[in-house]
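Notes follow once the structure below has been shown.
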Amino acid sequence: MTKVASFDIGCTRILSPDGRAVSSLPDFAKDRDTLIFLYRAMVLTRTYDAKAVALQRTGRLGTFASSLGQEAVSVGLGSAMQPEDILVPAFREQGAQILRGVGMTELLLYWGGDERGSDFAGPREDFPISVPVGSHAPHAAGAALALKLRGEERAVVCAFGDGATSKGDVYEAMNLAGVWTLPVVFVVNNNQWAISVPRAAQTGAETLAQKAIACGFDGEQVDGNDVIAVRHVVEQALAKARSGGGPHLIEALSYRLSDHTTADDASRYRDDAEVSEHWKNDPVARFKIFLTDNENWTKADEETLLTACIDEVDKAAEEYLATEPQAPETMFDYLFADLPADLAAQRAELLKEAGHD
Ligand SMILES: Cc1ncc(C[n+]2csc(CCOP(=O)(O)OP(=O)(O)O)c2C)c(N)n1
Ligand SMILES: [Mg+2]
């Protein structure tokens, strides 16, 4: 038999869980301001998540998906992007969205059931949150095709979870991206769980990264709790995509420290001991040790940062809570350009009931 194909899957790690650099630092990681910018973005994301969960628990927000433990994935990928690139997120990439200019007030409106939260003022060409699992991947391929046809040196980042990689939509999008050499970087936010389905039950493949190989492009793993490594590999993949080198798949290895969403109780299907073990890889703690040891990050710096993040998040929450709710009939207004007759009748009935007609 002649060997006709072979492939390797590498994994990049720059910071070890105890905060030491275990391979050479990329240039951006030698700049103190950039490091602090990344740390602040992760702390802000964690603060926002905690506030959102508290709002939900007190009846002031709908179901919410926290990114606790996965901040390095979203901040890493978000910080690797240029403003003109396009983010097509799932629902756990708030770190990237906030960093790219989506307001926390807007994100809270979204999770509060207000469609205006998806119409954010920030990066206008970024896509809104996709709760349907994986169905945004073909949209990402479509956006990348548009960039390619227009000859623009921009690229798309499409993020989804480990569970989404079992969806046909994701494979179809990757296949199309491969065959048409589209400028799109797929990032698997592998938090080891898809609600109650563990990674081992998701696929027989050894890695999720190797799914790229069947689609004709490279895939690799990265330590998803290492913000420096995530930013580095996504930056490289984006540079390749923008310059015509085609798509790339990055599997970011992380762990979902929270429940799936506020509608879930993960203690029903996974051991507390497993979760405790993964707290040792906390991306925020790891980066704080690195800053303390290498950049003279002090307790006072930490206090100032925490206070600033809490203030920013509290302000966004107050703005969200003070926003007048939309009129109930607006629930019909965002899906169809021309409302089908049955929905038009329901809309009219609602207006009549509310005395608005
Ligand atoms: C098309 C579709 N099927 C099922 C669901 C219900 N659902 C929401 S999240 C989820 C699991 C997603 O797992 P993963 O892709 O690993 O993302 P994670 O939630 O872990 O970030 C499921 C099945 C959905 N939202 N959309
Ligand atoms: Mg998952």
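Heads up: numbering here begins at 1 and tracks the sequence. Numbering of ligands and ligand atoms starts at 1, following listing order.
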Practice problem: Ignoring hydrogens, just give me the one of V133, N189, N190 whose non-hydrogen atom is nearest atom 7 (N) of ligand 1. | Solution: V133

Practice problem: Please work out which of I195, V131, T165, N191 has its closest non-hydrogen atom nearest to atom 22 (C) of ligand 1. | Solution: I195

Exercise. Salt-bridge test for R154 and E84: reply yes if a basic N is under 4.0 Å from a carboxylate O, no otherwise.
Key: no

Exercise. For the pair D293 and R20, find out whether any cationic side-chain nitrogen is under 4.0 Å from an anionic carboxylate oxygen.
Key: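 R20 and D293: not salt-bridged.
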
Exercise. Using a 4.0 Å heavy-atom cut-off, say whether D162 meets ligand 1 through its side chain, its backbone, both or neither.
Key: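 Under 4.0 Å from ligand 1, D162 contributes backbone and side-chain atoms.
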
Quiz item: Between W193 and ligand 1, which part of the residue brings a heavy atom under 4.0 Å of the ligand: side chain, backbone, both or neither?
Solution: backbone

What protein heavy atom sits nearest [atom], and how far off is it?
{"atom": "atom 19 (O) of ligand 1", "value": "R92 NH2, 2.7 Å"}
{"atom": "atom 17 (O) of ligand 1", "value": "G161 CA, 3.7 Å"}
{"atom": "atom 14 (P) of ligand 1", "value": "G163 N, 3.4 Å"}

Would a single hydrophobic cluster contain both [Y] and [X], if residues Ile, Leu, Val, Met, Phe, Trp and Tyr are joined by side-chain heavy-atom contacts under 4.5 Å?
{"X": "F37", "Y": "F287", "value": "yes"}
{"X": "V313", "Y": "W111", "value": "yes"}
{"X": "L44", "Y": "L108", "value": "yes"}

Practice problem: With heavy atoms of F91 as the reference, note each atom of ligand 1 found under 4.0 Å away. | Solution: 9 (S), 19 (O), 21 (O)

Self-check item: A164 neighbourhood, listing ligand 1 atoms whose heavy-atom distance to it stays under 4.0 Å
Solution: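 Numbered from 1, ligand 1 contributes 15 (O).
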
Quiz item: Looking only at N/O atoms, are K167 and ligand 1 under 3.5 Å apart anywhere?
Solution: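 K167 vs ligand 1: no N/O contact under 3.5 Å.
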
Quiz prompt | Tally, protein N/O/S atoms nearer to the Mg ion (ligand 2) than 2.8 Å | solution =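 Number of qualifying protein atoms: 3.
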
Self-check item: Is_contact(atom 1 (C) of ligand 1), protein non-hydrogen, under 4.0 Å
Solution: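 It does; a protein heavy atom is within 4.0 Å.
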
Side chains of [X] and [Y]: do they bring a donor and an acceptor to under 3.5 Å?
{"X": "S254", "Y": "Q70", "answer": "no"}
{"X": "T298", "Y": "D301", "answer": "yes"}
{"X": "N189", "Y": "E93", "answer": "yes"}

Quiz item: So, F64 versus Y48, ring centres under 6.0 angstrom or not?
Solution: yes

Practice problem: Look at the aromatic rings of W297 and Y39 and report parallel, tilted or perpendicular, splitting at 30° and 60°. | Solution: perpendicular

Quiz item: Which class fits the ring pair H278 and Y255: parallel under 30°, tilted 30 to 60°, perpendicular over 60°?
Solution: parallel

